[in-house]
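Below: one structure, written as structure tokens.
Every chain is numbered from 1 and lettered A, B, ... according to where its sequence line falls, protein lines coming before strand lines.
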Amino acid sequence: MERETLQGMSATINLRQRIGDLTRTALLAAQDGGALPSFEVPADVPVEQSRHAAHGDYSTPVCMGLARLLRRAPLQIAQIVAQHMPAAPSIARVDVAPPGFINFTLEPTWVASTVGAILAAGDSWGNIALGKGARVQVEFVSANPTGPITIGSARNAVIGDVLASVLTAAGYTVEREYYVNDAGSKVRNFGASIFARYGALFGVDVPFPEQGYPGAYVTDLASKARDNFGRRYLEAQDRDSAVRELGQWGIQMILETVADDLAALGVHFDTWFSERSLYDTGLFDEILAKLRAGGFVVEHDGATWFRHSDLEKDAVLIRSADVIPNPEDRPTYLASDIPYLWNKLVERKFDRAIYVWGADHHGDVPRVQAAAKALGLDVNRLVFIIYQMVTMLRGGEEIRMSKSSGEFITLRELVDEVGPDPIRFMMLTRTVDVTLDFDLDLAVEQSDRNPVYYVQYAHTRISGVLRRAMEAGWDVSSKGDLSLLTHPSELGLIRKMLAYPEVLTVAAQSLAPHHLTTYATELASAFHAFYRDCRIVSSEPDEAELTRARLVLAQAAQIVLARVLRVIGVATPDRM
RNA sequence: GCCCCAGUAGCUCAAACGGAUAGAGCGAGUGCCUUCUAAGCACAAGGUUAGAGGUUCAAUUCCUCUCUGGGGUACCA
């Protein structure tokens, strides 16, 4: 049976869940009473918010699905179930509608009373226990540390960061990780590029590598190297190791700015994981031996391949015999993904490892999954969020960027120009499955009409009202008689506030953070409607009680707005 | 060739495990500031959900095919 005493609720009311449970109880009761034949009652009864007021607040189509099984008309089943529906303080009425819906209408006084629970829960409002503390790692961005973060990583950064926040709010223990690709030939070329510029500063002609990095930041790094190290690397006996050391030093320098730039966007990592460490600790060799023992490794033309029956014709190159002369550079980047997943799931024991990858990497998913299988691990512990690419437009023209050509717009430039909030919000307004056009002119030009301001403005409006109320001598912290909240716009706002835990549940279960921006906009809209229809601080003497109640509502609404905005990671301004 | 994603209002996109009358923003239209911020609100306009089949009581949603766009396709990560 449901418990509805407000103080008994941990923090959050989940109406969808609750109505599903009620319906399930009714189904079981109808069975026990013989009104319905015996059948297996579904564990999860589907419940949705009604789209039209005529259909109540929530509805379930469950009876229509049972019609065939029970050989009864769905409407008849719905009527029987409705008759067995247990009474609940939250539900005012239960109606049956053709062809077999059961519609629930909330009890208005109960709805109004929940405002107190929201206010009491405060910052914990909406948090749900879905994760039960399971440990989840979200690995994202992980852009090459051979150059500054570009705007090409913006979507990845926001999706990963907000996903982590969503999961935290949903009761998971979450770690944010950046995988640093500090092994392989790219790093080598990067070091050689710095070395060439560095040499030039001393008038020494060092050939610039063919696959080098021509960006101006490389020259800046070379100057810094000259200031820090003088001629040390130029005079080194072993040019190869000098280049390598300079490359590693350059990566460290880059990573510092990468961390700063991401912080400017509001993104912070718990762990920066070095790809090189997979080799240095011997894990790579260990895992390779394991795969070999399992018969998943084949040698062909002097190269080493990972093969798995899942991969059809594909095989993954682990180690090449040629092309790269330096043996320590030989494993491919895909090869290091295999010990890396072992490190995540076995050594560090994450229950789930989430990868946030651009669509250009989607082809690697089956390979990593096959590797997990080959290592005897549960593939479902690896979750891949594949988001579609972002097309950057300026002046209606697509901007093509690449670090190797040295032509790109940095994330930092974008953040400095537009600010973190619009970027974060806009990157979350679409599902990860659709490509995104990001018009730089529009982002700047129309920034004050960006949807994020619409939501933030609602928050600001509430702050303004509360300020005015305090100036007028109202005790803003006081309680109010919530039963006075009866206006449709008041109840509409509260109902929207109550939907937050449901939205969070959906976002966490489907790993789809865009639901939050959609919801935030709807919540702001509900507040604006309330603001329009209901004078909050009244000067009428006989409306003092109503004013008190509405001040409580306004505060509770602000809490929910702030909760959503915090999860999205944008500011909650008190003035705009 | 094969694999992945998408195609919904003029534009950019939503639509929870398949549910009832497919929703927002922008743009264009008409109104609303002498009391809490007009970065707001109201009204009205805009749709054969790319096309064709199929499954289902019910399809924007699932399946097949076609068309269009984007991405990938083993040593750049």
Among [options], the one nearest [X] by side-chain distance:
X        : options             : value
A/Asn144 : B/U21, B/C17, B/A77 : B/A77
A/Ala359 : B/C36, B/G19, B/G71 : B/G71
A/Tyr453 : B/G19, B/A39, B/U21 : B/A39
A/Pro61  : B/C13, B/G72, B/G19 : B/G19
A/Phe101 : B/A74, B/G70, B/A20 : B/A20
A/Thr435 : B/G70, B/C41, B/U35 : B/G70
A/Arg367 : B/G70, B/A74, B/G23 : B/A74
A/Val434 : B/A6, B/G71, B/C17  : B/A6
A/Pro99  : B/C41, B/G19, B/A6  : B/G19

I'd like to know whether A/Tyr58 forms a side-chain hydrogen bond (donor to acceptor under 3.5 Å, both in side chains) with A/Asn103, so could you lay out the CA-CA distance, the side-chain angles of the two residues, the decisive distance to 0.1 Å, and finally the verdict.
CA-CA 6 Å; A/Tyr58 288 83; A/Asn103 296 328; over 6 Å; no
Donor + acceptor pair across side chains of A/Gln17, A/Glu502 (<3.5 Å):
no
Under 3.5 Å, is there a donor-acceptor pair between the A/Asn189 and A/Tyr213 side chains?
no
Could you tell me whether the phosphate oxygens of [N], OP1 or OP2, come under 4.0 Å of any side-chain nitrogen or oxygen in [X]?
X        : N     : answer
A/Thr518 : B/A15 : no
A/His514 : B/A15 : yes
A/Arg51  : B/G23 : no

What about [X], does its side chain sit under 3.5 Å from the base of [N] through a donor-acceptor pair?
X        : N     : result
A/Asp182 : B/A77 : no
A/His362 : B/G72 : no
A/Ser59  : B/A20 : yes

Across the strands shown, which category fits [X] at heavy-atom distances under 4.0 angstrom: base, sugar-phosphate, nothing?
X        : value
A/Arg16  : base
A/Val506 : base
A/Cys63  : nothing
A/Glu522 : nothing
A/Tyr454 : sugar-phosphate
A/Ala67  : nothing

Contacts under 3.5 angstrom, residues 539-546 of chain A side chains, donor-acceptor by atom type, not counting sequence neighbours:
{"unit_1": "A/Glu543", "atom_1": "OE1", "unit_2": "A/Ser538", "atom_2": "OG", "d": "2.5"}
{"unit_1": "A/Glu545", "atom_1": "OE2", "unit_2": "A/Arg548", "atom_2": "NE", "d": "3.3"}
{"unit_1": "A/Glu545", "atom_1": "OE2", "unit_2": "A/Arg548", "atom_2": "NH2", "d": "3.1"}

Length of the [atom1]-[atom2] vector between [X] and [N], whole Å:
X        : N     : atom1 : atom2 : value
A/Gln49  : B/G23 : CD    : C1'   : 14 Å
A/Glu543 : B/C36 : CD    : P     : 16 Å
A/Leu15  : B/A16 : CG    : C1'   : 15 Å
A/His528 : B/A24 : NE2   : P     : 15 Å
A/Asn189 : B/C75 : CG    : P     : 16 Å
A/Asp533 : B/C41 : CG    : C1'   : 9 Å
A/Ile102 : B/A20 : CD1   : C1'   : 15 Å
A/Asp95  : B/A20 : CG    : C1'   : 14 Å

Does B/C5 fall in syn (glycosidic angle within 90° of 0) or anti?
anti
Since syn is defined as within 90° of 0, does B/C33 count as syn or as anti?
syn
side-chain hydrogen bond (donor to acceptor under 3.5 Å, both in side chains) evaluation trace for A/His308 with A/Arg367
CA-CA 9 Å; A/His308 191 275; A/Arg367 296 168 188 163; over 6 Å; no
Sticking with atom [atom1], work out how far [N] lies from [M], rounded to a whole angstrom.
N     : M     : atom1 : answer
B/A77 : B/C5  : P     : 27 Å
B/U60 : B/U48 : C1'   : 13 Å
B/G51 : B/C76 : P     : 43 Å
B/U12 : B/G1  : C1'   : 34 Å
B/A52 : B/C33 : P     : 49 Å
B/A6  : B/G23 : P     : 22 Å

How do A/Cys534 and A/Ala529 order along RNA chain B: which one's closest nucleotide is nearer the 5' end?
A/Cys534
Judged by each residue's nearest nucleotide on RNA chain B, which is more toward the 5′ side, A/Pro98 or A/His515?
A/His515
With A/Val62, the side chain to side chain contact (heavy atoms under 4.5 Å, CB included) member among A/Thr23, A/Val41, A/Asp44, A/Ile77
A/Thr23
Would you say the side chain of [Y] lies within less than 4.5 Å of the side chain of [X], judging by non-hydrogen atoms?
X        : Y        : answer
A/Val365 : A/Trp357 : yes
A/Tyr179 : A/Phe140 : no
A/Cys63  : A/Ile102 : yes
A/Val180 : A/Pro145 : yes

Of A/Gln555, A/Glu490, A/His487, the residue whose pairing with A/Arg550 passes side chain to side chain donor-acceptor pair (under 3.5 Å):
A/Glu490
Is the positively charged end of A/Lys344 above the ring of A/Tyr340, judged by distance under 6.0 angstrom from the centroid and angle within 45° of the axis?
yes
Under 5.5 Å between ring centres and under 30° between planes: true for A/Tyr531 and the base of B/G40?
no
For RNA chain B, what residues of residues 458-473 of chain A have any heavy atom nearer than 4.0 Å?
A/Thr460, A/Arg461, A/Gly464, A/Val465, A/Arg468
Nucleotide pairing, RNA chain B (Watson-Crick or G-U, distances under 3.5 Å), in dot-bracket with [ ] and |:
(((((((..((((.....[...))))..((((.......))))......(((((..]....))))))))))))....
Apply the test side-chain hydrogen bond (donor to acceptor under 3.5 Å, both in side chains) to residues A/Asp182 and A/Ser274: give CA-CA distance (whole Å), side-chain angles for both, the deciding distance (0.1 Å), then the verdict.
CA-CA 6 Å; A/Asp182 55 359; A/Ser274 159; 2.7 Å; yes
